[in-house]
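Here is the structure we will look at.
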Amino acid sequence: MIADLFAESRTLTLDPGAMLLGGFALGVAPALLEGVAAIAAAAPFRQMATPGGRRMSVAMTNCGAAGWVTDAAGYRYATADPLSGRPWPAMPPAFRDLARRAATAAGFAGFDPDACLVNLYRPGARMAPHQDIDERDMGEPIVSVSLGLSATFLWGGAARGDPKRRLRIDHGDVLVWGGPARRTFHGIAPLAAGTQPDTGETRINLTFRRAL
DNA sequence: AAGTATCT
DNA sequence: CGTT
């Protein structure tokens with residue numbers, strides 16, 4: 001059946017423990033973007049500094065009990081926004097629900113994120129390949145939601161120098177990785193300029209983690 | 001090094 | 001290469 005073939009083509013296994021769920025978040029994308037606006041009103045996007053002193057091209061904020069931060073002191077999770085001293089905005093129920101459903105679809109039932117890093121990419125913004133290794137329990141997966149402008153996702157291997165696959169990720173796509181793929185090096189190529197109906201000239205990424 | 005520059 |  002054509003519909004089944006289409007549905008099949010929307011899911012791609014990258015490696016054992018790593019899946020691209022094409023369009024998985026499309027239906028809730030408007031609700032997610034409303035949530036992002038509310039979060040940014042309370043905890044504005046800001047370009048953090050790496051421990052090496054370079055300003056990141058991606059602007060970030062967080063919601064949930066913990067938020068990922070970086071500054072001269074290093075990479076870590078913080079329960080308060082360093083800009084305001086107040087707790088990060090609560091994780092909207094629609095965020096948590098989407099993350100849990102995506103994790104379950106990828107074989108990680110029971111995922112309960114306590115942190116959501118919100119990344120804002122403008123044209124030229126990028127994320128150099130890295131591992132997500134600041135979380136306490138590496139047995140918990142990562143759920144990454146793409147909204148707005150399409151991007152090129154770089155999917156590497158267990159070592160920094162491993163070759164990277166280049167995957168186009170579009171509005172509503174969700175990537176989930178865990179288990180044997182949990183420490184895979186990954187990144188985002190410099191964002192190409194463009195316009196998208198829901199987010200204008202930007203890409204928004206929501207990355208859900210169990211941090212604490 | 002979740003950063004960049006520079007060379008083959 | 002270096003406010004890792």
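All values reported here derive from a predicted model rather than from experimental measurement. To find a chain, count down the sequence lines: A is the first, B the second, and so on, and within it residues start at 1.
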Pairs of donor and acceptor atoms involving the side chains of residues 140-149 of chain A, under 3.5 Å and at least two apart or interchain, shall be tabulated with distances.
unit_1 : atom_1 : unit_2 : atom_2 : d
A:S144 : OG     : A:N205 : ND2    : 2.8
A:S146 : OG     : A:R203 : NE     : 3.1
A:S146 : OG     : A:R203 : NH2    : 3.3

Contacts of type side-chain contact (heavy atoms from CB on, under 4.5 Å), residue A:D97, not counting sequence neighbours = none
Sequence neighbours excluded, every pair satisfying side-chain hydrogen bond (donor to acceptor under 3.5 Å, both in side chains) that has a member inside residues 42-52 of chain A | A:R46-A:D81, A:Q47-A:R55
Listed once per pair and sorted, the side-chain hydrogen bond (donor to acceptor under 3.5 Å, both in side chains) pairs that draw on residues 103-123 of chain A, sequence neighbours left out | A:R96-A:D112
Base-paired stems in DNA chain C, each at least three Watson-Crick or G-U pairs under 3.5 Å | none
Contact list for residues 169-186 of chain A, test side-chain hydrogen bond (donor to acceptor under 3.5 Å, both in side chains), sequence neighbours left out | A:H130-A:H186, A:D132-A:H186, A:E135-A:R182, A:S150-A:D170, A:R168-A:D170
Among residues 59-87 of chain A, which contact DNA chain B at a heavy-atom distance under 4.0 Å?
-> A:W68, A:Y75
Selection: residues 42-52 of chain A, any non-hydrogen atom under 4.0 Å of DNA chain B | A:T50, A:G52
Donor-acceptor list for residues 60-68 of chain A side chains, cut-off 3.5 Å, not counting sequence neighbours:
unit_1 : atom_1 : unit_2 : atom_2 : d
A:T61  : OG1    : A:A43  : O      : 2.6
A:N62  : OD1    : A:W68  : N      : 3.0
A:N62  : ND2    : A:W68  : O      : 3.0
A:W68  : NE1    : A:D134 : OD2    : 2.8

If a pair satisfies salt bridge (charged side-chain N to carboxylate O under 4.0 Å, His left out) and one of its residues is in residues 60-74 of chain A, list it, with sequence neighbours excluded.
-> A:D71-A:R76
Nucleotide N/O to protein N/O under 3.5 Å, stretch nucleotides 6-8 of chain B:
none

Listed partners of A:A192 passing side-chain contact (heavy atoms from CB on, under 4.5 Å), at least two apart = none
